[in-house]
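To start, the structure under review is shown below, and the notes come after it.
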Amino acid sequence: MSLTFWKPGTAGPGSNLDRASEVEETFLPYAPVQRQGEQLPIFKHRRNLLYCVEKYGVVIVVGQTGCGKTTQLPQYLLQAGWADEGHVIACTQPRRIAATSVATRVSEELGTKLGDEVGYTIRFEDVSSKEKTRILYMTDGMLFRETLVDPLLSRYSVIMVDEAHERSVYTDLLLGILKKIRKKRPSLRIIVSSATLDAINFLDYFSQDRSSEKATIVSLEGRTYPVEVAYIQEPIEDFVRKAAEVVWNINLQQGPGDILVFLTGREDIERCLDELAEMLPTQATYRLPSTAMRLLPLPLHAGLTTEEQLHIFQSAASGTRKAIISTNVAEASVTIEGIKFVVDCGFVKIRIFNPTTALASLATVPISVASATQRAGRAGRTSPGICYRLYPIAVFKALPMTTSPEITRTDMTTPILQLKSLGIDDLMKFDWVSSPPAESVLRALEGLHASGMIDDNGRLTPIGERVSECPVEVGIARMLFRSKDYHCGEEILTIAAMTTVQDVFVIPDGAAGALAELERRKFTAEEGDHFTLLNAYNAFTKYGRSSGWCKSHALSFRAMSRAVSIRSQLKKYMQRFNLPIESCEGDSKRLSRCLVSGYWRNGARWTADGTYRSVRGDMVLHVHPTSVLFTRKPRTGWVVFHEMEETKKTQ
DNA sequence: GAGCACTGC
């Protein structure tokens with residue numbers, strides 16, 4: 001590559017970047033909300049906000065991350081008496097880590113013990129007290145599940161749905177239910193916290209009909225640093241290579257501050273690290289400008305072990321600059337302090353479910369304006385920063401405003417079963433924040449009907465009622481219930497837990513991968529992946545459940561520990577439904593039959609050319625390379641598969 | 001012979 005130097009003081013790296021024409025006006029990542037050109041009021045004093053909560057049933061709150069809305073707002077409400085008379089203030093988060101860390105911080109601020117006045121509830125962990133807790137942080141999925149038990153959520157006086165702009169399936173379902181609850185219980189207050197661009201959508205949603213009369217929107221002023229945005233002039237072909245060049249040039253041109261690069265996936269990240277590794281030796285041989293620092297490139301993606309992820313947070317030695325090459329995890333899930341430069345490739349990988357074919361796929365798609373703003377904002381958390389977008393400004397202007405809500409591109413089988421359980425039978429009349437596609441609803445209903453969860457009239461059956469309570473997919477739940485007939489509850493429980501966690505086996509690239517592959521073979525069962533997972537789980541519990549053991553046997557300790565938690569939770573459900581937990585005592589036939597009873601809709605037949613044909617739809621299927629059946633023929637010529645996915649494989 | 005965005009109950 002050629003080394004290009006910029007004059008000091010220019011916006012910087014990106015060849016042919018002309019400051020005058022290509023640097024957008026410096027902006028604040030969280031601009032005030034505008035409607036038809038009119039700026040909506042910004043509230044600086046808490047009494048204004050409390051007045052709105054008092055006067056309006058629904059308040060949409062816009063504020064930057066770190067303006068204190070998540071930690072401060074519930075405390076204001078507490079002081080204003082919203083948690084008197086045994087009421088609880090809830091604050092929901094899309095992620096477990098946010099619920100726990102925020103609860104910890106707020107309980108410290110109030111000088112109380114975590115789990116007393118301030119607590120949290122996430123799957124597997126309830127650190128709260130029925131008597132004492134006044135402010136409860138929880139995942140939105142957890143609160144949605146609570147509606148199955150208490151349909152009016154009667155213990156809560158205020159429910160704040162935080163990070164609503166992320167539009168997870170559970171956030172959407174929860175908002176739909178909350179709107180319904182407010183009609184029956186107008187004393188309930190709802191606060192929806194959102195990013196600027198989505199705020200108007202939520203306001204419109206809550207004020208679109210006459211019965212939900214009172215909704216308003218307020219902006220909270222926060223401390224933000226300006227972020228300068230630079231665009232590339234011409235579209236580029238290889239953003240991975242370009243990202244590496246830009247990182248290199250930032251290091252030469254700019255003062256101190258760490259770099260965060262957004263790429264799409266592990267493959268991109270590794271290639272970018274390779275490109276940077278090739279450039280690194282020149283650090284020693286060239287005479288570099290005095291501003292240049294030692295560059296320390298680090299990968300970041302969800303597949304890393306906890307240990308590996310810790311490197312990201314350690315501050316680099318003096319004179320060294322971290323360059324964190326990341327997937328979308330760094331956009332909202334992981335926050336790294338000290339980032340001054342962001343490089344944004346403009347793409348993201350999202351999972352798309354096609355309801356017509358029942359095929360899931362991972363697609364690389366352009367990000368939204370909201371997402372680009374969020375990424376840029378990562379540069380301005382602790383000081384003014386610069387964001388380099390690896391796409392022209394014209395491309396930016398053509399981006400969709402927001403990312404499509406998950407509910408529009410996911411399998412709706414489980415959510416619809418849960419809605420049915422809440423007594424919402426007419427799905428066409430349900431007041432969705434965004435409607436799922438009609439085909440998606442139809443496919444889910446058809447599937448629920450075929451597996452006996454709903455009757456001919458679309459009403460929940462007794463088994464459907466019980467399955468809706470189980471926190472697993474319908475097929476898995478069916479399997480758990482049928483294990484009674486096959487006397488194999490013990491093993492089915494393990495298989496259910498193991499199929500729920502992903503990335504159980506850790507197979508790295510290269511020579512280490514070949515060794516890991518050999519380790520995995522020790523667990524391989526000729527019956528297939530379900531039995532292989534069962535073997536791995538049993539070995540894990542037999543040999544002391546240690547991380548060292550996992551490491552030497554190509555297993556992910558994180559995944560295995562999670563499987564243990566899920567298994568014990570599912571065991572409680574089985575006991576509640578009086579399902580016996582018996583062992584099949586090595587009778588693999590009985591176990592196979594039980595698997596088929598849950599997953600008979602996912603049957604496929606082996607053919608002589610090595611491919612499979614699905615029973616439903618007669619589609620040509622290939623075995624995924626991560627399956628133990630990738631290298632072998634099924635003994636009976638028939639398989640049941642866990643899921644179908646569309647990949648890059650051709651032919 | 002071929003592949004792994006990210007969450008959540």
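Numbered from 1 within each chain, the chains take letters A, B, ... in sequence-line order.
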Looking only at non-hydrogen atoms, find the nearest pair between A:R558 and A:L304 and report the distance.
-> NH2-O, 2.6 Å
If I take atom [atom1] in residue [X] and atom [atom2] in nucleotide [N], what distance separates them, rounded to the nearest angstrom?
X      : N     : atom1 : atom2 : value
A:L570 : B:dG8 : CG    : P     : 17 Å
A:F262 : B:dC6 : CZ    : C1'   : 13 Å
A:D140 : B:dG8 : CG    : C1'   : 8 Å
A:I367 : B:dC6 : CD1   : C1'   : 15 Å
A:L362 : B:dT7 : CG    : P     : 13 Å
A:Q569 : B:dC9 : CD    : C1'   : 7 Å
A:L304 : B:dC6 : CG    : P     : 9 Å
A:Y170 : B:dG8 : OH    : P     : 11 Å

With the side chain of [X] defined as its heavy atoms from C-beta on, choose the nearest nucleotide among [options].
X      : options             : value
A:S333 : B:dA5, B:dA2, B:dT7 : B:dT7
A:V329 : B:dC9, B:dA5, B:dC6 : B:dC6
A:P625 : B:dC9, B:dA2, B:dA5 : B:dA2
A:H624 : B:dC4, B:dA5, B:dG8 : B:dC4
A:T500 : B:dC9, B:dG1, B:dC6 : B:dC9
A:T139 : B:dA2, B:dC6, B:dC9 : B:dC9
A:R145 : B:dC9, B:dG1, B:dG3 : B:dC9
A:P471 : B:dT7, B:dG1, B:dC9 : B:dC9

Is any NZ, NE, NH1 or NH2 atom of the basic residue among A:R271 and A:D238 found under 4.0 Å from an Asp or Glu carboxylate oxygen of the other?
-> yes
Could you say whether A:E645 or A:E473 is positioned toward the 5' end of DNA chain B, judged by the nucleotide with the nearest heavy atom to each?
-> A:E645
Within the structure shown, what part of the strands sits under 4.0 Å from [X] by heavy-atom distance: base, sugar-phosphate, or nothing?
X      : result
A:T414 : nothing
A:F630 : base
A:E267 : nothing

Any side-chain N or O of [X] less than 4.0 Å from the OP1 or OP2 oxygen of [N]?
X      : N     : value
A:T327 : B:dC6 : yes
A:T647 : B:dA2 : no
A:R167 : B:dT7 : no

Report the relative orientation of the aromatic rings in A:F523 and A:F505; use parallel for angles under 30°, tilted for 30 to 60°, perpendicular for over 60°.
-> tilted
Please state whether the rings of A:Y599 and A:H530 are parallel, tilted or perpendicular, taking 30° and 60° as the class boundaries.
-> tilted
Assess the side chains of A:R167 and A:S434: does a donor N or O sit below 3.5 Å from an acceptor N or O?
-> yes
With side chains defined as the heavy atoms from C-beta onward, is the minimum distance between A:D140 and A:S168 less than 4.5 Å?
-> yes
Would you mind calling B:dC6 syn or anti? Take O4'-C1'-N9-C4 for purines or O4'-C1'-N1-C2 for pyrimidines, and syn is within 90° of 0.
-> anti
